[in-house]
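Worksheet for the structure shown next.
We use all heavy atoms of the structure for the numbers below, so side chains are in, but hydrogens, waters and symmetry mates are not.
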Amino acid sequence: MIQSKETGSMRVIGLTGGIATGKSTVSKILKNLGAVIIDADQVARQIVEKETPALKEIIDYFGKDILLDNGELNRKKLGEIVFSNPSQLKKLNAITHPRISQEIQNQINNYKQSEKNNAIIIDAPLLIETDLKNVVDEIWLVTLPKEKQIQRLIDRDHLTHEEIKGRLDSQMSQEEKISYAHQVIDNSGSIEELEQQVIRLWEIIH
């Protein structure tokens, strides 16, 4: 079970945002500023590596068709299944989210013992939707107008409009996420404007 946030000098910041809003870019800016970054997507990949309990459970439920020839998880194939079927997505999340949350909590505890930084950044697309929101002191939300978000998904991931709709519908709306956010980072402008916003926030907590 994931623990509640702890008091102490090191703040835990949850960085989140919808798909293709620019959250990864903000994370890179913060890393360059010296922030400690815990990448939830990286943790999610680690917990479903070959021979892990999570991957075995996924295979038991979804079948071996979601594997590559080398035995690793075919993330694209699994994504096609779950993003078109809410009940399948719910099952996958039930398998992976508790394990992701526990590993992130372990990393937070390790950093608090060993690092001298003022803040740990948890970079997590589903931070608000999961119990990860309970371990952070603040939530920073990266926002982008929906039309720009859709265009980035087309340009970056070459998704069809149907695939984009499935991914957007599977996430909490940006408007609802804003109600949870302590800071909103607007990514509708230039990269320079984005950097200036992030630097200002970093200076406040650092």
With hydrophobic residues grouped by side-chain heavy-atom distances under 4.5 Å, do [X] and [Y] end up in a single group?
{"X": "Ile178", "Y": "Leu15", "value": "no"}
{"X": "Ile81", "Y": "Leu68", "value": "no"}
{"X": "Leu126", "Y": "Leu78", "value": "no"}
{"X": "Met172", "Y": "Val184", "value": "no"}

Side chain to side chain donor-acceptor pair (under 3.5 Å) with Asp169: which of Gln171, Lys165, Arg167? Lys165
Answer yes or no: is there a side-chain heavy-atom contact under 4.5 Å between [X] and [Y]?
{"X": "Ile120", "Y": "Lys112", "answer": "yes"}
{"X": "Leu141", "Y": "Ile185", "answer": "no"}
{"X": "Pro53", "Y": "Arg99", "answer": "yes"}
{"X": "Phe83", "Y": "Glu163", "answer": "no"}
{"X": "Ile66", "Y": "Ile58", "answer": "yes"}
{"X": "Glu72", "Y": "Glu49", "answer": "no"}
{"X": "Val198", "Y": "Val26", "answer": "yes"}
{"X": "Lys28", "Y": "Lys31", "answer": "no"}

Examine distances only and state if a side-chain atom of Thr52 and a backbone atom of Ile47 form a donor-acceptor pair shorter than 3.5 Å. yes
Value rounded to 0.5 Å, distance of [atom1] in [X] from [atom2] in [Y]:
{"X": "Asp39", "Y": "Gln107", "atom1": "CG", "atom2": "CD", "result": "9.5 Å"}
{"X": "Asp186", "Y": "Gln197", "atom1": "CG", "atom2": "CD", "result": "5.5 Å"}
{"X": "Asp137", "Y": "Ile205", "atom1": "CG", "atom2": "CD1", "result": "10.0 Å"}
{"X": "Thr130", "Y": "His97", "atom1": "OG1", "atom2": "NE2", "result": "6.0 Å"}
{"X": "Ile95", "Y": "Asp60", "atom1": "CD1", "atom2": "CG", "result": "8.5 Å"}
{"X": "Lys23", "Y": "Leu127", "atom1": "NZ", "atom2": "CG", "result": "9.5 Å"}

Test side chain to side chain donor-acceptor pair (under 3.5 Å) applied to [X] - qualifying residues, sequence neighbours left out:
{"X": "Tyr180", "answer": "none"}
{"X": "Lys76", "answer": "Glu80"}
{"X": "Asn187", "answer": "none"}
{"X": "Ser27", "answer": "Asp123"}

Which pair of non-hydrogen atoms, one from [X] and one from [Y], has the smallest distance, and what is that distance?
{"X": "Ile100", "Y": "Ala40", "answer": "CG2-O, 4.4 Å"}
{"X": "Ser87", "Y": "Asn85", "answer": "OG-OD1, 2.6 Å"}
{"X": "Val48", "Y": "Ala54", "answer": "CG1-CB, 4.2 Å"}
{"X": "Trp202", "Y": "Ala119", "answer": "CZ3-CB, 4.0 Å"}

So, Glu192 and Gln196: side-chain donor and acceptor under 3.5 Å apart, yes or no? no
Gln151 side chain to Asp155 side chain, donor-acceptor N/O pair below 3.5 angstrom: yes
Please name the residue in the list Val36, Val12, Val43, Thr16 that meets the side-chain contact (heavy atoms from CB on, under 4.5 Å) test with Ile122. Val12
Apply the test side chain to side chain contact (heavy atoms under 4.5 Å, CB included) to residues Gln174 and Lys146: give CA-CA distance (whole Å), side-chain angles for both, the deciding distance (0.1 Å), then the verdict. CA-CA 9 Å; Gln174 184 164 270; Lys146 192 168 186 178; over 6 Å; no
Besides Ile154, the hydrophobic cluster formed by Ile, Leu, Val, Met, Phe, Trp and Tyr side chains linked at under 4.5 Å, directly or via other members, contains Ile19, Ile150, Leu153, Leu159, Ile164, Leu168
Co-members of Leu144 in a cluster of I, L, V, M, F, W and Y side chains, linked at under 4.5 Å: none
